There are 2 protein chains.
Amino acid sequence: MARLREFDTELAVARAMELFWLRGYEATSVRDLTEALGVGQGSLYAAFGSKDGLYRAALTRYRETLAADALASLEESGDARTVIRAMLLERVAIATDGARGCLLVNAIAERLPGDTATARAVRETLDASRDALAEVLRAAGRRGEIRTGRDPVTLAAFLVTFLNGLLVVSKVTPEVRELEPLVEIALSTLD
Amino acid sequence: MARLREFDTELAVARAMELFWLRGYEATSVRDLTEALGVGQGSLYAAFGSKDGLYRAALTRYRETLAADALASLEESGDARTVIRAMLLERVAIATDGARGCLLVNAIAERLPGDTATARAVRETLDASRDALAEVLRAAGRRGEIRTGRDPVTLAAFLVTFLNGLLVVSKVTPEVRELEPLVEIALSTLD
DNA sequence: CCTTTTGTGGATCGTGCGATACAGAATTTG
DNA sequence: CAAATTCTGTATCGCACGATCCACAAAAGG
């Protein structure tokens with residue numbers, strides 16, 4: 001019935017995500033985006049409505065890829081401690097690459113208060129991470145790998161909170177050697 | 001020899017700090033600042049050179065007031081666990097007030113990579129916090145309040161990292177009731 | 001093949017940005 | 001009191017911003 005879209009929407013969102021991730025929302029201009037995406041301003045606005053719309057799409061994509069990766073990472077074989085350690089350090093490695101940190105943490109810092117849509121999206125992602133982690137902890141408790149005295153959900157929330165701290169700190173202290181001992185202390189709460 | 005400055009520089013920096021803290025660097029315009037500070041643009045540029053200069057002054061002020069408060073908080077009488085718990089929860093209370101978070105965390109997220117001056121300033125502040133905390137832990141170890149098996153500096157770095165996570169999470173989960181159990185888990189690493 | 005519909009990139013819109021210029025007011029020195 | 005110096009607010013600078021417009025291109029239906 002009409003002309004087809006020429007650019008790959010998914011790819012465009014992926015590139016926009018990279019840019020927002022590295023520079024933040026305000027410091028990334030629509031012109032920066034059109035250049036990086038190889039898409040004219042008209043097409044961009046037709047597809048996403050506004051800079052904000054594209055940002056939300058980028059956030060959603062981040063959530064989905066991150067959730068998929070983290071879940072896959074947590075479903076690796078091995079004892080809970082090993083799996084969680086690997087997940088934490090992998091997230092740090094991603095954050096220190098280019099010193100971009102974590103898009104969600106950056107979004108919280110830059111866009112809150114004010115952007116309630118982002119607040120909701122971020123909160124949901126953190127809750128989902130916590131719940132996935134809690135499930136791993138529950139299973140590990142059943143297998144007797146960790147102590148069972150604590151509520152798995154609270155423990156998982158603690159670990160997610162610590163991870164966010166790690167993602168912040170790794171932006172000014174990217175040396176993994178300095179961060180690994182902190183991870184070990186956090187993991188000692190599983191004893 | 002010439003006309004005296006009419007506005008209180010310290011007070012102006014304090015107000016600028018509030019604004020940057022609440023809205024972030026990019027989202028705060030120079031005109032916003034002149035209005036909030038009650039100072040004309042000419043005077044502002046004469047005093048601070050640039051928007052960036054004023055931001056750095058605000059960061060410095062934040063470091064100084066924060067360091068002073070935190071140190072005072074840590075020098076309260078009481079056992080280490082109580083003192084550290086109070087310090088963590090006080091920082092959370094400050095961050096959730098107005099959902100502004102922590103200026104340092106916001107600075108890390110919004111201005112890095114790129115602003116090396118801010119990176120250095122933030123890193124120094126985190127190191128200072130860690131060292132002050134390590135001193136408290138050392139003293140507590142000597143008094144037999146906490147277990148002495150761990151390096152106090154590493155333990156302090158863990159607590160600072162966890163605190164930063166708490167400051168991030170509290171921006172989307174401001175309910176202290178939900179955060180207190182996480183603090184207790186973090187404090188259990190002192191056992 | 002012609003009409004209709006949608007996508008295209010570039011030109012353009014009005015606005016607000018950070019920064020500067022400047023005329024006048026205030027203060028000190030001689 | 002006059003000269004010199006600095007601070008004051010405001011007007012203005014050039015520019016980049018997000019958003020929109022639009023002439024043309026491409027695909028589908030009759």
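Hydrogens, waters and symmetry mates are skipped; everything else that's a heavy atom, side chains included, is used. The model shown is predicted, which means the values in this text are computed figures rather than measured ones.
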Checklist line | Verdict with reasoning, A:F162 to B:F162, per ring pair (Phe, Tyr, Trp, His ring centres under 6.0 Å) | finding: CA-CA 5 Å; A:F162 170 72; B:F162 170 72; 7.7 Å; no
Residue-phosphate contact under 4.0 Å: [X] side-chain N/O, [N] OP1/OP2:
{"X": "A:S43", "N": "C:dT8", "answer": "yes"}
{"X": "A:S29", "N": "D:dA16", "answer": "no"}
{"X": "A:Y45", "N": "D:dT20", "answer": "no"}

Item checked: CA sep, side-chain torsions, deciding dist, call: B:D32, B:S29, side-chain hydrogen bond (donor to acceptor under 3.5 Å, both in side chains) -> CA-CA 5 Å; B:D32 291 339; B:S29 76; 3.3 Å; yes
Checklist line | Which residue lies more 5' along DNA chain D, comparing A:Y25 with B:Q41 via nearest heavy atoms | finding: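 The answer here is B:Q41.
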Margin query: Let me spell it out: for each of A:R31 and A:G42, pick the nucleotide of DNA chain D with the closest heavy atom. Which residue's pick is nearer the 5' end?
Written below: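 With A:R31 and A:G42 compared, the 5'-side residue is A:R31.
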Notebook entry, point to check: Mapping B:G49 and A:E6 onto DNA chain C by nearest heavy atom, which one lands closer to the 5' end?
Noted result: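 Closer to the 5' end of DNA chain C: A:E6.
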Checklist line | SB check B:R61 B:E64 (cutoff 4.0 Å) | finding: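 A salt bridge is absent here (no side-chain N lies under 4.0 Å from a carboxylate O).
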Check: Less than 4.0 Å between a side-chain N and a carboxylate O, is that true for A:D131 and A:R138?
Finding: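 A:D131 and A:R138: not salt-bridged.
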Rounded distance in Å - [atom1] ([X]) to [atom2] ([N]):
{"X": "B:R23", "N": "C:dC17", "atom1": "CZ", "atom2": "P", "answer": "10 Å"}
{"X": "A:F7", "N": "D:dA25", "atom1": "CZ", "atom2": "P", "answer": "20 Å"}
{"X": "B:L33", "N": "D:dG9", "atom1": "CG", "atom2": "P", "answer": "15 Å"}
{"X": "B:R3", "N": "C:dA26", "atom1": "CZ", "atom2": "C1'", "answer": "5 Å"}
{"X": "A:D32", "N": "D:dG18", "atom1": "CG", "atom2": "P", "answer": "8 Å"}
{"X": "A:L4", "N": "D:dG29", "atom1": "CG", "atom2": "P", "answer": "11 Å"}
{"X": "B:L44", "N": "C:dC17", "atom1": "CG", "atom2": "P", "answer": "14 Å"}
{"X": "B:R5", "N": "C:dA26", "atom1": "CZ", "atom2": "C1'", "answer": "15 Å"}

Note to self: Starting the side chain at C-beta, find the nucleotide from C:dT8, C:dT5, D:dT8 nearest to A:A2.
What the structure shows: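 The answer is C:dT5, which lies nearest to the side chain.
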Notebook entry, point to check: Do you see a donor-acceptor pair shorter than 3.5 Å between the side chains of A:R23 and A:T28?
Noted result: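 There is no such pair (donor and acceptor under 3.5 Å, judged by atom type) between the side chains of A:R23 and A:T28.
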Note to self: What's A:T34 touching, base or sugar-phosphate or nothing? Going by heavy atoms closer than 4.0 Å.
What the structure shows: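 Since no nucleic acid heavy atom lies under 4.0 Å of A:T34, the category is nothing.
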